[in-house]
Amino acid sequence: MKRILTIQDISCLGKCSTTVALPLISAMGVETVILPTAVLSTHTMFKGFTVKDLTDQLVPITEHWKKENVHFDAIYTGYLGSAEEIDIVKGIFRDFGGEDTLIFVDPVMADNGKLYPAFDEAYAKLNASLCSMADIIVPNITEACFMTDSEYKESYDEDYIKDLLSKLSALGAKKSFITGVSLSEGKTGVYGYDRESGEYTVYQNERVDASYHGTGDIFSSVSVGGIVRGLSLYDAFKVAADYTADTIRETLTNPEKPWYGVDFEATLPRLVAGLSKYF
Ligand code: PXL
């Protein structure tokens with residue numbers, strides 16, 4: 001069985017980061033090893049959340065794993081808490097990385113033109129340096145702009161996305177994918193560039209007009225699970241984008257419409273059933 005290490009926080013309530021990655025990567029048929037960067041009472045869109053930083057635990061935990069000679073088929077990073085954690089994660093990439101280990105970085109820090117409350121522009125630059133070590137990066141447009149000092153635009157054309165991709169690629173990652181790219185009215189999806197082959201990969205699906213927390217984590221978790229299971233990048237991103245859209249649609253049918261996260265539990269069986277086409 002393939003094994004993915006995911007490094008991100010545990011938000012106890014709020015369905016994002018580790019509490020999404022663990023069930024979804026497992027559902028993709030891949031063992032999920034977690035390295036929690038912090039424990040929060042909720043994600044940071046709730047008022048009054050508590051945080052227990054776990055920076056001092058990262059090295060002892062991974063030192064133990066080194067002694068166990070553990071191998072990861074992929075290392076997937078999401079929300080990291082601090083500059084120091086980014087540095088430690090770079091060391092983890094060096095220690096556990098290699099030809100057979102895909103480094104997948106989702107530089108979670110911003111959306112809709114704004115940084116999340118815990119972050120500043122200096123942090124964005126550090127995230128850019130983490131991206132430079134990756135095989136695949138999946139920033140949204142806002143994160144791509146913060147990492148490349150580009151102007152954030154709500155409405156844009158394909159050239160704007162290609163220009164962002166070229167600046168992202170210059171950071172050093174092998175393949176850069178921008179998420180939440182809408183090329184026409186009512187559509188959204190991913191637009192990627194492979195620095196080595198010069199090829200673009202584009203997938204667009206129906207845009208569901210609602211925005212929930214944690215959907216980026218759902219997309220990344222399913223994508224990395226699919227890639228590790230051997231799907232082509234196009235297929236992995238298609239499965240992930242379609243699943244994310246299906247889950248947002250499903251959440252809208254919930255009369256409570258939970259604002260803090262999506263009802264991925266309801267759509268999990270459909271994700272698993274859809275995979276039989278590929279495996
Ligand atoms: O979904 C991204 C995310 C993960 N973890 C925490 C967050 C957020 C987004 O705000 O606050 C703690």
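The analysis underlying the following values was restricted to heavy atoms, covering all of them including side chains, and did not include hydrogens, waters or symmetry mates. Indexing begins at 1, ligand by ligand and atom by atom, following the structure's order. Computed from a predicted structure; not experimentally measured.
At most 12 non-hydrogen atoms from other residues, nucleotides or ligands lie less than 6.0 angstrom from CD of E199.
The aromatic ring centroids of Y79 and F119 lie less than 6.0 Å from each other.
No side-chain donor-acceptor contact under 3.5 Å links T251 and D263.
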Before you tell me yes or no, could you show the steps for D246 and R270 under salt bridge (charged side-chain N to carboxylate O under 4.0 Å, His left out), namely the whole-Å CA-CA distance, both residues' side-chain angles and the distance that decides it to 0.1 Å?
CA-CA 9 Å; D246 184 27; R270 297 205 281 273; 2.9 Å; yes
When you check ligand 1 against the protein, what N or O pairs turn up below 3.5 Å? List the atom names and distances, or just say none.
| unit_1 | atom_1 | unit_2 | atom_2 | d |
| --- | --- | --- | --- | --- |
| ligand 1 | 1 (O) | D217 | OD2 | 2.7 |
| ligand 1 | 5 (N) | D9 | OD1 | 2.7 |
| ligand 1 | 10 (O) | T44 | OG1 | 3.4 |
| ligand 1 | 10 (O) | H213 | NE2 | 2.8 |
| ligand 1 | 11 (O) | T44 | N | 2.9 |
| ligand 1 | 11 (O) | T44 | OG1 | 2.5 |

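Annotation: the span from T247 atom OG1 to L268 atom CG amounts to 8.0 Å, rounded to 0.5 Å.
Every ring-ring contact (aromatic ring centres under 6.0 Å, His included) that Y260 has, sequence neighbours left out, goes to F46.
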